[in-house]
Each structure stands twice: as C-alpha cells, then as structure tokens.
Amino acid sequence: MPASEAGAPPAPFRLYNTLSRQVEPFEPLVPGHVSIYACGMTVYDHAHVGHARAFVVFDAFVRWLRTGGWSVRFVRNYTDVDDKIIRRAAELGEDPFALAQRYIDDFRADCDALELAPPEAEPRVTTSMDDILAMIGELVAKGHAYAQGGSVWFRVDSFADYGQLSGQRPDKVCAAPDTGDKADPRDFALWKAAKDGEPSWPSPWGPGRPGWHIECSAMARSCLGHTIDIHGGGLDLVFPHHENEIAQSTCANGQPFSRWWMHNGLLTLVKHTADGVVQDVKMGKSLGNVVNIRDALQQVPAEALRLYYLQAHYRSPLPWTDDALTEALAMLARLYEARELAARMQGEGDADRVAEALGADAQEVLSLGRAFPERFAQALADDFNTSAALGLAFELTRALNRLANHKKAASRGGPVVGPALEALAHLSVLGLLTRTSEAFDEEVKDKRLAALGIDRAHVEQLLAQRTQARADKDWARADALRAELDALRIVVMDRPGGVAWKLRLTEG
RNA sequence: GGCGGCGUACCCAAGUGGCCUAAGGGAAAGGUUUGCAAAACCUUCAUUCACCGGUUCGAAUCCGGUCGCCGCCUCCA
C-alpha cells in the first residue's frame, strides 16, 4: 500500500528534467501519485542490450518509487505498425501483424528473463486507433493540422513553443525531404495515406495508418490523462519524437503534456577505424552493431546485466565492451559472497556489546549497516544515482569481509551483521541480490561453463581426482590437477568444510 | 552548419563551490594467510580532476577561451 494512503507522505526526490536541463525537486500532479509513460519497442526485430538499458533503468526507478511510498502508474507502449515492420514483413513474406505479434511475444520473454515488473498498461498502436483518430481530428479542428492527399500533417508553425525540449529553434529546424506534399518541410505526418498492399484503417481523410509520433500522444492520454508526471525514453528520442509529441499533445489537450522528461543515455561501442583510431559510437540497429538481450543472457545471469547498467548513472553514455558483462558479474559475485559470509555468522546478544567485544572492524560493520538505509535513500533521491548507491554497498561489503577475517567473527558476529544484511536486502529495490547464494552460484556456473564451452562432468572428474591426490598427500599431482583446472578457468578453493570451486570471471 | 552533452588514475566510474590531501569496481605490485593455491584482508597505485586564463578567502566543481570526443538534426532505447 502506498505510504500516502497510510498517512505518511512519500519520500521526496530530485530528478533531472530534460526540459529545464537541470535537476529539480519532483512534485507530482496528484499528491502521492506518479504517472510515467515510457516509449517502448517498435517490434520488427529482437530487442538488444541498448533497449534493455532503458527498460532496466525505468523498471528499477519504478520499483524504487514504490518502495518510497509512491503510487505509480507506469505505461509502456508497443509500436506494432510502422514502415520498418511492413518492410521486414514484406521481405520475409510474412503478415505484418503476425510479425509484430511474434516480436512482442519475443520481447515479453526478454522482459521475463530480465525480471522486469510488468507495466500497468502496454497499449498498442493497432488497438488504440480510436484514440489516435480522435486526437488527429481535434488537431485538425483546432487548425494545428491539415489534410493533404489522404495524409494529415501537423503544422509546426502553429505551435510557438516548438523546439523547447531539444533546444532547436523552429526557424532552424530543417526536416528531411519527407514524402507527401506538405505545406512546410518541417511539418510531420499524423496520418499516412495508405499505399498499395499496406495495412490500413479507415479514417475521415481516407484509409491509412498513424504517423510515428501521434501514437504516443494518444496512448499517453488515454492511459494516463492530459498531463502526465514523467515521460521517459532513450536520449535519441528527444528529437524529433518527443518534440513532436509535445507539440501534438499540448495543442490537442490545451495544457502541458509531461512535467518531467527523463532520458537515459545510450550504449556505446568501441569502433576501430581504418587508420587505427579508436572511438566510441552508439549501439543502434541502424548501425548494425547490436547485441541481443538473449545473447547477453546466455553469457551471464540477468542480475549481472542489471548491475552493468546500474553501476553507471542512467544519463551517462555506457561503453559496451567484451568483458563489461563478466566484470559486472564479478562485482555481483562479490556482493553475494559477502552476504553469504555474513549470513553464516552465528552468535547472539546485544549488537553493540558484541561489536565492542569483537573490535573496531565489527563496530565499523555495525555502524555502516545502520547508516546504510539513509545514505542509500539519499543517493537514489538525488537524480536516481544508482552508481553512488551501489558504491555504498561495496563499501559495506569490504567491511563485512574484513570482519569475517577475524577468528571469532563466524561464531559471534551474528548480531553485528544484522543491520548489514538488512542493508544488502535493500538492493532488491534495484532488482539485485534477489536470490539465494546457491541459486546464484549454480546459474553462474551453468551459464559461464556453457558460454566457455567447458564440460561440467569433466570438471567434476578433475576435482575428484585432485581431492584424492590431496588425501594421498600427493602434492605434485594435486598441483598438476589444479593447473589443469586453472587452464579451464576453474578456481579451486580448499576450505575447511571441503573443496569449493568457481569460475574465474575476470581476465588476469 | 544548427542544437545538446562529455573529457576524473592502466580500464570502468561517483563526486558539480569548503566534509575532496577525489567514493566504488576491475587490473597491477608487495604483504598476511595457505602443503601449494584461491578467496578475503592490509599496503601501494590521481597533492590531482583535458589544457590555458579568470571569479572567489576557497574550484574537479562557477565564468571565458583552446583542444579532443559523443549524441541529435533521417528510423533508433
């Protein structure tokens, strides 16, 4: 239940607004409630890890708002009819609606794999046609749009504030030589007259289909109302998509469209040019340099991908490299291992007294654990700074490990690490540290062994042989087996309770 | 050409006027530990925040300039 309904006001926070280009204290339209519309997928291909960043960031953001007591209504659309879908379908000789549905199903599987909380609504263009036509009709009636040759165009000239989001000056905007006979080259399509063989819907202006931008304006209005709190999407949507949405919605609704515009940074890839220069270029479908979500998730657990995204601030560009994922996985493993060590600590009694008895490292764990909720909340309340928030978790992790080195920690540290364990549980807000250590270890082994092409049975066999060699005190043979395992990236750990092993995640 | 943004250690990355003689992760070197290891911990690793000026008692943080890079202006998360 939202805290607002329970009487307590939701936790305040600050959020960067692309409109004002600064971080501002968030103020909802309706106290205690936040309405969010995020631009979703155009479903003509698999979703890639660049898309996933946007989805993970907004998923984490929404979850965090909810734990802060906000009542959130989150909407994310599907663009299921558009030029690219039609073209792709034609290439494959497939029905465009069937193709779109196929990729929607595909995308939902990715969402499940990424453990994204489902939005309250996922409107589709093809089922929102009435809303879209109604809005176009209003724009025509108000003189903001005109029909020409079966198409309807938005008259950019009729909206004085055009360009406010992207900083474009209306007189400097030069649109592409779009098809159709527009009155002004800057005008953009609200309704596209049907061409032969294309899917179309009847309209007062003749058969056709919606332009790209109008769908979001119409669906946001029907799902969330005339003015929404936060509109999100990738930075590459600022112009022209979001600019055009603002123009359409503001003109049709007669009131501001979205109070906040929240844009996530893009993934970049290192590109080696012919003359050996290295530069970062954006990952994009049109550049053909994408990595699909499912391919990434074959390499590592979804949580590692989440950590990879959230370790950087959402607005920063984020470099995608060959070992970025395994590096994130190594970080995640560090968190899991520390949590496990802490969870195994025994003992009882008053935390402060036990900490005093165990010494400074224990007292540090206790105070860091107690201070964590407040500091964590502060970091996230400052423009959703997940990077700083995660830094706190690693600070705590090191303190826990330091404590664990003490001889008495395992038998007596329990009360001291209580707050720290609660602190680490906070990371579930970001979708991290959500499973048991055993489940995590198994998933890592399964995925990494498969990704590296290593046979698990063979590994187990080598481990058994080494255990025998050690029992025989045949150290030479034990070391040789260790070396053999090491070549397979298997790290063997001799522990009091037996032999444990794991995969070396980062390159030495 | 227009608009916006960025430049922090070997790599990734927080910090945006004094708590910064700059968080966190990875890599590297030495040490503790170990049959040998691994993990973990300790120490070292930016007196410095692209460069040059300026404002200020005080700047990585503000202002001006220079250089480099990125995004958008065409579909793109």
Side-chain angles (χ1 to χ4, degrees), chain A residues 18 21 23 38-42 44 47-58 82-84 87 163 165-169 171-178 212 232-241 243 263-268 279-287 290 307-308 311-313 315-319 321 323-324 326-328 330-335 337-338 341 361 379 382 385-395 397-406 470 473 475-476 478-479 482-483 486 490-495 499-502 504-508:
Chain A
T18 307
R21 303 203 180 278
V23 177
C39 287
M41 290 284 296
T42 298
Y44 71 101
H48 60 70
V49 290
H51 297 124
R53 182 184 193 188
F55 301 139
V56 166
V57 162
F58 282 97
D82 108 308
D83 290 344
K84 295 183 295 296
R87 195 188 321 130
L165 180 69
S166 58
Q168 306 287 324
R169 288 203 302 271
D171 53 309
K172 291 283 187 183
V173 174
C174 48
D178 207 344
W212 175 34
L235 200 55
D236 52 353
L237 295 180
V238 172
F239 190 91
H241 186 52
E243 196 69 71
H263 291 105
N264 62 275
L266 306 177
L267 255 47
T268 62
Q279 53 190 165
D280 277 349
V281 296
K282 145 182 145 168
M283 177 184 289
K285 277 193 253 194
S286 54
L287 299 174
V290 301
L307 181 58
Y308 160 70
Q311 68 177 315
H313 186 86
R315 286 193 282 117
S316 309
L318 183 58
T321 62
D323 33 43
T326 46
E327 214 168 89
M331 292 173 79
L332 187 59
R334 184 172 160 82
L335 293 173
E337 283 164 22
L341 273 176
D361 289 341
D382 184 13
N385 194 336
T386 54
S387 184
L390 288 171
L392 297 171
F394 284 103
E395 187 182 26
T397 293
R398 193 179 55 222
L400 281 171
N401 284 328
R402 195 186 297 141
L403 170 62
N405 271 359
H406 289 253
R470 288 186 73 227
K473 297 211 191 297
W475 307 124
D479 288 352
R482 175 190 288 285
D486 184 71
I490 305 296
V491 176
V492 184
M493 297 164 290
D494 297 325
R495 286 178 171 163
V499 177
W501 64 279
K502 65 179 185 180
R504 192 170 63 241
L505 297 173
T506 51
E507 274 312 321

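Values in this document were obtained by computation on a predicted structure and should not be read as measured data. Naming: A, B, ... by sequence-line order, numbering from 1 per chain.
- In this structure, Leu267(A) places its CG atom 13 Å from C1' of C12(B), rounding to the nearest Å.
- Of the possible donor and acceptor atoms, none in the side chain of Glu243(A) sits under 3.5 Å from a partner among the backbone N and O of Pro240(A).
- Checking G15(B), A77(B), G4(B) against the side-chain heavy atoms of Asn385(A) singles out G15(B) as nearest.
- Across all strands shown, Gly232(A) has no heavy atoms under 4.0 Å from either base or sugar-phosphate atoms.
- Checking A77(B), C12(B), C73(B) against every side-chain atom of Pro319(A), the shortest atom distance belongs to C12(B).
- Within the nucleic acid shown, Gly50(A) comes within 4.0 Å of at least one base atom, counting heavy atoms only.
- Partner assigned to C36(B) is none, using Watson-Crick or G-U wobble distances below 3.5 angstrom.
- Comparing Ala52(A) and Leu390(A), the nucleotide of RNA chain B nearest to each residue sits closer to the 5' end for Leu390(A).
- If you take atom C1' in C51(B) and the same atom in C67(B), they sit 7 Å apart, rounded to whole Å.
- Partner assigned to A13(B) is none, using Watson-Crick or G-U wobble distances below 3.5 angstrom.
- Between atom CG of residue Leu341(A) and atom CG of residue Leu403(A) there is a gap of 9.5 Å, rounded to the nearest 0.5 Å.
- In this structure, the CG atom of Asp236(A) is 11 Å from the P atom of G71(B), given to the nearest Å.
- One can place CG of Leu307(A) at 17 Å from P of C12(B), the figure rounded to the nearest angstrom.
- Protein atom CD of Glu243(A) is 12 Å distant from nucleotide atom P of G4(B), rounded to whole Å.
- Straight-line distance between the C1' atoms of G35(B) and G30(B): roughly 23 Å, to the nearest whole Å.
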*For nucleotides 32-41 of chain B, read 5' to 3', which letter fits each nucleotide if B means a protein heavy atom sits under 4.0 Å from the base, S means only the sugar-phosphate is that close, and - means neither?*
---BBBBSBS
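- Toward the 5′ end of RNA chain B lies the nearest nucleotide of His313(A), the other residue of the pair Ala330(A) and His313(A) mapping further downstream.
- The partner of U66(B) is A50(B), judged by Watson-Crick or G-U wobble contacts that both fall below 3.5 Å.
- Across the C1' atoms, C63(B) and A27(B) are found 38 Å apart, a figure rounded to whole Å.
- Leu237(A) comes within 4.0 angstrom of the backbone, heavy atoms only, and of no base.
- C42(B) and U33(B): their P atoms are spaced 16 Å apart (whole Å).
- Here the separation of A40(B) from G53(B), taken at their P atoms, is 45 Å to the nearest Å.
- Phosphate contact (OP1/OP2 of A14(B), side-chain N/O of Ser316(A), threshold under 4.0 Å): present.
- Rounded to whole Å, the separation between the C1' atoms of G15(B) and A23(B) comes to 7 Å.
- Applying the side-chain contact (heavy atoms from CB on, under 4.5 Å) criterion to Ala47(A), with sequence neighbours excluded, gives Met41(A), His51(A), Phe107(A), Asp110(A), Ile293(A).
- For Arg398(A), there are no salt bridge (Lys or Arg N to Asp or Glu O under 4.0 Å) partners, not counting sequence neighbours.
- Annotation: G58(B) and U43(B) have their C1' atoms spaced 33 Å apart (nearest Å).
- As judged by a 4.0 angstrom heavy-atom cut-off over every strand, Val57(A) is placed among residues making no nucleic acid contact.
- For His313(A), the side chain to side chain donor-acceptor pair (under 3.5 Å) partners two or more places apart in sequence, or in a different chain, are Asp383(A).
- Base contact: Met283(A) has a heavy atom under 4.0 Å from a base atom.
- Residue-level contact check: Ser387(A) touches the bases, meaning some heavy atom is under 4.0 Å from a base atom.
- We find that CD of Glu327(A) is positioned 8 Å from P of G26(B), with the value rounded to whole Å.
- Rounded to an integer number of Å, the gap from CG of Asp82(A) to P of U74(B) is 17 Å.
- Taking the salt bridge (Lys or Arg N to Asp or Glu O under 4.0 Å) definition, one finds that Glu327(A) meets it with nothing, sequence neighbours left out.
- Partners of Arg334(A) by salt bridge (Lys or Arg N to Asp or Glu O under 4.0 Å), not counting sequence neighbours: none found.
- Nearest heavy-atom pair, Leu237(A) versus Cys39(A), reported as atom, atom and distance to 0.1 Å: CD1-CB, 3.7 Å.
- Under the 3.5 Å distance criterion, the side-chain polar atoms of Arg21(A) are matched with a main-chain donor or acceptor of Leu165(A).
- Under the Watson-Crick and G-U wobble criteria, each requiring two contacts below 3.5 Å, nucleotide A28(B) is paired to U44(B).
- Panel note: side chain Arg482(A), backbone Val492(A); a donor-acceptor pair is recorded below 3.5 Å.
- Nucleotides U56(B) and G64(B) are separated by 16 Å at their C1' atoms, to the nearest Å.
- Remark: U74(B) base-pairs with no nucleotide in the shown strands. Criterion, Watson-Crick or G-U wobble with two distances under 3.5 Å.
- When Watson-Crick and G-U wobble pairs are counted only if both distances are under 3.5 Å, U56(B) pairs with no nucleotide at all.
- Atoms CE (Met331(A)) and C1' (A27(B)) sit 13 Å apart, rounded to a whole Å.
- Residue contacts shown for Lys282(A) include a base, since a base heavy atom lies under 4.0 Å away.
- Going from atom CG of Asp280(A) over to atom C1' of C12(B) covers 11 Å, rounded to whole Å.
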